[in-house]
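Take a look at the structure below.
All of these numbers come straight from a predicted model, not from anything done at the bench.
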Amino acid sequence: MSGNKLQSLLEQMTLDEKIAQLMQLATPFFKGAKEQGQITGPMAEMGVSGDTVQNSGSVLGASGAQEIINIQRTHLEENRLGIPLLFMSDIVHGFKTIFPVPLAIGCSWDLELTEKSAEIAAREASVSGVHVTFAPMVDLVRDPRWGRVMESTGEDPFLNSEFARAFVRGFQGKELTTDTERVAACVKHFAAYGAPEGGRDYNTVDMSERELRENYLPAYQAALDEGCEMVMTAFNTVFGIPATGNKRLMREMLREEMGFDGVLISDWGAVKEMIPHGVAENEKKAAYKAITAGLDIEMMTTAYVNHLKELVEEQMVDESLIDEAVLRILQLKQKLGLFENPYRGANADLEAEVIMSAAHRKSARELAGKSSVLLKNEHHVLPLKKEQKVALIGPFAESGDILGPWSWLGSRDDAVTVKEGILSKIGSLTVAKGCDIETITDAQIKEAVKAAENADVIVLALGEDSDMSGEAGCRANIQLPSAQLQLIRELKTLDKPMVAVLFNGRPLDLHGVLDETDAVLEAWYPGTEGGHAVADLLYGDVNPSGRLTMSFPYHVGQVPVYYNHFNTGRPQGAPDAQERYVSQYLDIPNEPLLPFGYGLSYTTFTYSDLKLTCETMTEEQPLDISITVLNDGPVAGEEVVQLYIRDHSGEVIRPVKELKDFRKISLKPGEATDITFTLTEDQLRYHHSDLQFKSDPGMFTVYIGRNSKDTMEHTFKLEK
């Protein structure tokens, strides 16, 4: 359908039909749905009429090719103008084949495999009839108390931007109209949702515009530059105004400055939430603020349907604002080819063949292996030897709860457990639960001790159940539950090697784990193939290569704690620093327990011979920076070579380090390679106090190393 035909279609629509097009409703509202009519609780209180459903523009949460075909067919029969529905769902880290949670995916530092995971998720979703996924979430995160850190790729704006691009490429491909195995991506949550006060979900966000532009907006911009079709608003405030009704944020910054001309959708119920936020006295005012801010689709509240027509009739809202919103929605439907093929990729016959295929599971296993991070390995306890007697103990030993939040259609029954993974490597295994997630009994302790008595090594499968992180999964105490720490202490008395495997959605305070065990493997929530991936790592069939993209705090009292912090005027550890009157805690270190970029391997890598082509950079003359990396250990392995810079004197204060590039390389034992990075003047730019984005002449330091702490360095000068 051409642009002229879309405009003609828009002109045929009544005002009621246009307003209904701006409403997104959950699946039970629609005829043809399996759960049709099962509208209870808050949904029943919405008071949505049959006419509104008949003319609505999009569906939330439908799945299954036949169900979506049934809903679409019935809708097209009853919609006066035959306008097809958009089907949208939360496909965050897999549709049915579940990949590791995004925070884990970030720790892979593998953009190619990340893109592939999104492509597989899109393939499974599209054959089931889904058109749009509410992903990627690119919110920068610095506070592990916030449950949704699991949905981000970490604390660095550059790395988040690279992953944002990879996810969008994977979901959308190159041509949405013809490639029916892809889905439209929706980047979220715009903006700064990852910075709630106190790490508490939905809480206030308050930051300067310079901070917003410097650290939080780049990843959204990267997703938009990659062609992301949709944006979702955040629940939080920005500049003191809820994002969903924030005209400056949405119309001026997102649309005018950042160049976004696609569909803008609210998060669930966010329009009506402007009332408790205290910026709208009623639904009518909330509708006014949202439409004037440029919000196209209202998700699961009725402010638009109940009040936009009245606002137009009272001349408070120009109908052209509604027209532009409707036209954007119609254009997305056109781009997806829905006017010509309203069922798009939905294919009930192909579903069973495509979903959870062996190839998809193989990719999930590979990414889970690359996403896990080896945090400790004393006395070379790992990798395990297949002749060793192993006692597998802990609440996650036989648990399928390793998919993590936002795994939607993922089934715990399909998940490969740690027990199953280890048994695929060795013939026999002693297993005991040891404790539940948050409770422990004397009987469980006795069972665990008995299981471990004849073992050569104890493998502890520990962590948070999936409800302890994700949306609304915020925690003030980010240690493992006390029952699991007690289990570690009880088994420690046996004086046997202990390996802890952690399943969790956030960086934890690892006291009681890191200091009490011989080895620690951070597996995060690894997804459907988690048990196989963990076993691959434990037995050395895969060499750990994951590196942290979010710092692990020494204590929750430090948070937010992140590598790219500012120095302060009285930095701890400066050559002339006093003992007391510096920026420090009296009872804990300033530094995190484990820094950004950290991760161990079963081999060792040595860095040497850091060189710069010259010691002066100009706008026309970039720097080439080279370093030699040697695998001087016993096995092949992958290393993430990380490049950071520091601007020693800016117009505003600058971070002590900033990631600017990285390479993930593979080296055989004894193999060395030279890595060369090119650093350009534009990579030294930042937002000044007047918000201009430019660089300053002066001295810089470049750092290259295995993480943000362990680096080699060299200074250079930028001349203008």
Side-chain angles (χ1 to χ4, degrees), residues 61 63-64 89-108 113-114 116-118 120-125 128 130 133-137 147-153 167 170 354-358 360-373 394-422 424 436-437 461-473 475 501-506 508 521-537 546:
S63 66
S89 296
D90 288 282
I91 304 154
V92 174
H93 53 109
F95 181 76
K96 184 70 172 173
T97 304
I98 304 301
F99 288 83
V101 293
L103 186 59
I105 291 175
C107 293
S108 74
L113 195 50
T114 297
K116 187 175 182 180
S117 74
I120 288 170
R123 185 177 300 127
E124 292 193 354
S128 295
V130 176
T133 174
F134 296 131
M137 186 185 107
R148 292 192 86 165
V149 299
M150 51 67 55
E151 206 176 337
S152 168
T153 50
F167 279 120
V354 171
I355 291 174
M356 294 279 285
S357 70
H360 291 182
R361 295 190 72 137
K362 181 181 177 182
S363 293
R365 181 173 182 168
E366 182 182 4
L367 187 51
K370 288 179 179 289
S371 298
S372 300
V373 186
F396 284 90
E398 299 181 82
S399 174
D401 187 16
I402 59 173
L403 306 182
W406 292 118
S407 50
W408 194 36
L409 294 180
S411 169
R412 296 180 185 182
D413 293 336
D414 292 329
V416 179
T417 66
V418 180
K419 176 186 175 181
E420 291 168 336
I422 293 178
S424 71
D436 292 298
I437 298 293
L462 309 171
E464 306 173 303
D465 72 48
S466 56
D467 287 337
M468 295 172 74
S469 65
E471 184 170 356
R475 296 181 62 203
V501 181
L502 302 176
F503 300 94
N504 47 289
R506 56 164 54 81
L508 298 170
L521 179 67
E522 175 57 84
W524 306 105
Y525 294 116
T528 304
E529 286 289 316
H532 280 148
V534 166
D536 290 340
L537 292 159

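The two residues G400 and A415 come nearest to each other via the heavy atoms O-CB, 3.7 Å. Scanning all heavy atoms of the two residues, the minimum distance from S117 to I105 falls at OG-CD1, 4.3 Å. Listed here is the closest heavy atom pair of G369 and A533: N-CB, 3.8 Å. Of all heavy-atom pairs between F95 and S128, the closest is CE2-OG, 3.3 Å. Across all their heavy atoms, S469 and E464 have their closest contact at CB-OE1, 4.2 Å. Considering every non-hydrogen atom in both S372 and L521, the closest pair reads CB-CD1, 4.1 Å.
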>> Evaluate H532 against R361 for side chain to side chain donor-acceptor pair (under 3.5 Å), listing each step before the verdict.
In response: CA-CA 10 Å; H532 280 148; R361 295 190 72 137; 6.0 Å; no

>> V354 vs H360, test: side chain to side chain contact (heavy atoms under 4.5 Å, CB included). Steps then yes/no.
In response: CA-CA 8 Å; V354 171; H360 291 182; 4.0 Å; yes

>> One pair to check against side chain to side chain contact (heavy atoms under 4.5 Å, CB included): F503 and L462. What are the steps and the verdict?
In response: CA-CA 6 Å; F503 300 94; L462 309 171; over 6 Å; no

>> Using side chain to side chain contact (heavy atoms under 4.5 Å, CB included), reason through E151 and V101 one step at a time and then give a plain yes or no.
In response: CA-CA 6 Å; E151 206 176 337; V101 293; over 6 Å; no

>> For a side chain to side chain contact (heavy atoms under 4.5 Å, CB included) check, start with the C-alpha distance between E522 and N504, then their side-chain angles and the critical distance, and finish with the verdict.
In response: CA-CA 8 Å; E522 175 57 84; N504 47 289; 2.9 Å; yes

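Here CG of D414 is found 9.5 Å from CD1 of I98. Values are rounded to the nearest 0.5 Å. The line from CG of L113 to CD of E366 is 4.5 Å long, rounded to the nearest 0.5 Å.
One finds a salt bridge joining E398 and K419 here, because a Lys/Arg side-chain nitrogen approaches an Asp/Glu carboxylate oxygen to under 4.0 Å.
R412 and S466 share a donor-acceptor pair across their side chains, judged by distance under 3.5 Å alone.
Each of S407, P100, P136, P405 was evaluated against H93; a single residue qualifies, S407, per the side-chain contact (heavy atoms from CB on, under 4.5 Å) test. Checked options L502, V501, I437, T417; the residue passing with F396 is I437 (criterion: side-chain contact (heavy atoms from CB on, under 4.5 Å)).
Side-chain atoms of F167 and T114, non-hydrogen and from C-beta on, do get closer than 4.5 Å to each other.
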